[in-house]
Amino acid sequence: MLLWPAEELGEAADLLLSSVLAQGLPAPVHIVAGLEDMSQKKKHQSRQNLIKDIELRFPGPAKLYSLERDQDALMILRQIGAQKQRPLYFRDSRPHILAENVEFIEEGSSGTLKIHGYIRGKSLSVNGLVHIPGWGEYQMSRIDSSPDPHPLLLHSRDSEANVMDGGTFMLAESDPALQETLTSTNEVDPMEGEQTWPTEEELAEAEQSISSKPRTKRVPKGTSDYQAAWILESEEEEEEDDDDESRSNMDDGFAPVDNVSQDGYECEDDNEEEYEMTVTDAEGVNYDDKIDYGAEIDALQKLKNAREDAMFPDEVDTPMDMPASIRFQKFRGLQSFRTSPWDPNENLPVDYSRIFQFENFRHTKKRVMNEEKQGALPGWYVVVHIADVPRHLYDNHVSSHSPLAVFGLLIHEQKMSVINVVIKSHSLGHLRPIKSKERLIFHIGYRRFANAPIFSEHSTGNKHKLFRYFQPGSTVVATMFAPITFPPASVMVFRERPDGAQDLVATGSLLSVDPKRIVTKRVVLSGHPFKINRKTAVVRYMFFNRDDVLWFKPVELRTKWGRRGHIKEPLGTHGHMKCQFDGQLKSQDTVLLNLYKRVFPKWTFDPYVARPPPLYTFRSSHDMEERTSGEENTGEQPCQKKAKTVKFHSARL
């Protein structure tokens with residue numbers, strides 16, 4: 001039950017209600033008290049204002065109950081018992097317990113955690129696994145039946161005998177042969193992909209097939225036979241990518257190729273400019289002590305990059321100090337982004353060998369959801385013994401005085417995979433762009449963890465364009481390494497402040513568990529028409545040497561005004577090129593060349609996330625930006641809102 005008086009309704013209440021609605025709101029009952037002390041005209045006006053506020057915040061038809069007399073209380077209780085309950089599928093499809101009492105039996109640095117409470121949802125099997133939000137997954141050693149401390153209704157003969165007996169006895173004990181393991185990742189075998197040495201028969205057959213067929217090779221125009229002999233159709237080069245060694249496969253002598261490092265990191269493709277700034281002290285040393293100029297410069301640079309990406313998406317400058325064929329050798333050209341083929345198993349990083357993948361995710365989900373489990377039934381009051389729980393987690397729980405919930409896991413939900421969630425920007429805390437691979441805190445169903453996802457567009461098809469920034473007011477798909485969770489499941493995304501507080505930046509739902517989702521990073525090289533003819537034009541500033549023009553010659557060109565074309569031949573040695581288009585260009589048009597590369601998320605999963613400060617200390621990020629400087633310098637406190645006499649309550653079942 002949520003009780004919020006009107007004088008305390010503010011940004012903290014907005015955060016709470018937004019979080020409750022995003023996670024899933026059961027059937028609510030809206031109650032108001034204190035209207036009898038008001039005049040008839042003011043009472044009607046206040047009631048209409050509250051109904052409008054309810055319609056704005058809560059889905060469905062708004063119905064407001066008045067609580068002034070004992071008869072009103074009985075009518076509200078009758079309404080609560082008779083109304084239709086709204087299910088929460090991610091909660092009702094799994095067993096869960098809200099702890100009534102928590103005990104810890106120490107056994108060295110870890111011990112056994114005893115959870116007392118009622119089982120809700122589904123049956124709880126002692127051989128399964130349980131998840132404690134913020135703590136991780138654990139195994140159970142036994143489940144005991146305990147006397148019900150609040151005996152309102154005897155659900156079955158077993159519970160009736162249990163209450164009459166007044167004692168505690170063991171319901172089930174774990175069986176090591178049947179118990180689920182805590183293994184979350186695969187063991188990586190570096191020799192698994194190696195090939196055996198071919199036999200002499202296979203070598204002879206290969207030589208015969210090579211000698212029988214004339215071998216052709218595509219080479220640049222003007223290449224001699226001696227030079228062509230040194231050009232390989234497929235070669236491997238090693239280069240440095242984000243301080244890690246990676247391999248890139250060269251498809252042929254012309255086409256740019258795509259590759260990723262073995263650890264999944266990709267190199268940054270934006271040419272970042274270096275800024276030299278001189279900070280002068282204009283108001284004394286005391287003022288500088290309160291300002292972190294380094295953080296301000298970093299924030300300013302991030303805002304500049306985000307604004308530039310919004311104005312000129314994916315456009316980068318061709319480097320002048322190195323060949324473009326080397327700078328963009330991991331990229332490839334696509335004739336059609338929607339229909340061109342792309343193998344999802346091509347050049348996967350080593351981290352993909354650690355995760356699990358379903359052959360048919362929908363079939364597995366249907367089978368797991370419909371599977372009946374044997375164990376303690378819903379409604380029983382039990383004591384669950386959770387083994388090997390670290391001592392410091394229990395100490396933090398005792399010091400925080402926060403509630404503790406335990407969820408039973410379905411099959412495979414402890415294993416790691418690649419999950420995709422659809423999130424929509426929330427106006428409460430998403431005030432500035434969020435860069436891809438920035439650390440965020442996720443609440444997915446019953447799980448809470450930190451991760452650094454990559455963002456992509458929410459679209460149909462088998463390829464999805466990477467978004468370098470999650471802009472306010474937009475909808476994106478976040479891809480990351482995380483434990484498997486069967487949908488439906490709600491998603492909330494928070495951004496952590498330096499003081500530990502958290503801002504709600506996005507809400508959404510779980511889209512899929514699919515490692516084969518292809519997220520492509522697009523790079524757009526731009527050039528300008530120098531001499532324009534009827535259907536040809538001389539383009540410059542896209543490349544700065546002749547070899548780059550020959551290298552990217554097979555890639556299709558397009559313009560901002562909708563023309564399409566291709567490179568015919570290079571002109572001179574400084575990157576000028578003659579291009580053929582399907583119509584005459586405008587002098588103010590820009591010629592573009594699109595290159596694509598698949599990107600992968602980093603392994604940044606962190607299951608241990610600290611709890612945020614209490615809600616009554618919450619201040620929105622907008623207030624922090626506007627009021628921090630004034631409070632630090634003048635010591636003034638923000639104005640308090642005028643208290644209202646009408647109290648508004650929302651009961652949540």
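- For the pair Asp314 and Arg468, the salt-bridge criterion is met [side-chain N within less than 4.0 Å of a carboxylate O].
- Ion pairing of Asp514 with Arg517 is absent here, as no side-chain N (NZ or NE/NH1/NH2) approaches a carboxylate O to less than 4.0 Å.
- Within 6.0 Å of NZ in Lys424 there are 12 or fewer heavy atoms belonging to other residues, nucleotides or ligands.
- Here the options are Val384, Leu124, Val130, the test is side-chain contact (heavy atoms from CB on, under 4.5 Å), and the partner is Val406; only Val130 passes.
- The NE2 atom of His412 lies 13.5 Å from the OG1 atom of Thr485; values are rounded to the nearest 0.5 Å.
- Cation-pi geometry between Arg598 and Trp342 is not met at under 6.0 angstrom from the ring centre and within 45 degrees of the axis.
- The only option from Arg497, Arg432, Arg495 that meets the salt bridge (charged side-chain N to carboxylate O under 4.0 Å, His left out) definition with Asp503 turns out to be Arg497.
- The main-chain N or O of Ser174 is never found under 3.5 Å from a side-chain atom of Asn127 such that the two would form a donor-acceptor pair.
- Looking at Phe90, Tyr89, Phe361 one by one, the single match for ring-ring contact (aromatic ring centres under 6.0 Å, His included) with Phe486 turns out to be Phe361.
- With respect to the salt-bridge test (charged N to carboxylate O, under 4.0 angstrom), the residues Arg94 and Glu413 qualify.
- Taking the ring centroids of Phe455 and Phe470, they lie under the 6.0 Å cut-off.
- In this structure a side-chain-to-backbone donor-acceptor pair under 3.5 Å is missing from Ser340 to Phe337.
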Original post:
What do the steps show when you test Thr604 against Asn451 for side-chain hydrogen bond (donor to acceptor under 3.5 Å, both in side chains), and what is the final call?
Top reply: CA-CA 5 Å; Thr604 55; Asn451 217 322; 2.6 Å; yes

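- Not a single donor-acceptor pair under 3.5 Å links the side chain of Thr185 to the backbone N or O of Ile355.
- Using a 4.0 Å cut-off between a side-chain N of Lys or Arg and a carboxylate O of Asp or Glu, Asp606 and Arg439 qualify as a salt bridge.
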Original post:
Given Lys560 and Glu315, is the salt bridge (Lys or Arg N to Asp or Glu O under 4.0 Å) satisfied, shown in steps?
Top reply: CA-CA 12 Å; Lys560 289 188 175 181; Glu315 288 194 26; 3.2 Å; yes

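- Between Tyr446 and Phe407, a ring centre-to-centre spacing shorter than 6.0 Å is recorded.
- Proximity of a side-chain donor or acceptor of Gln139 to a complementary backbone N or O of Glu180 within less than 3.5 Å is detected.
- Less than 6.0 angstrom separates the ring centroid of Tyr352 from the ring centroid of Phe600.
- Ring to ring, His566 and Phe581 are not that close: their centroids are 6.0 angstrom or more apart.
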Original post:
Given the rule in the side-chain contact (heavy atoms from CB on, under 4.5 Å) test, do Val513 and Val418 qualify, once you have shown the distances and angles that lead to the verdict?
Top reply: CA-CA 6 Å; Val513 180; Val418 176; over 6 Å; no

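- In summary, Arg332 and Glu346 engage in a salt bridge, as defined by a charged side-chain N under 4.0 Å from a carboxylate O.
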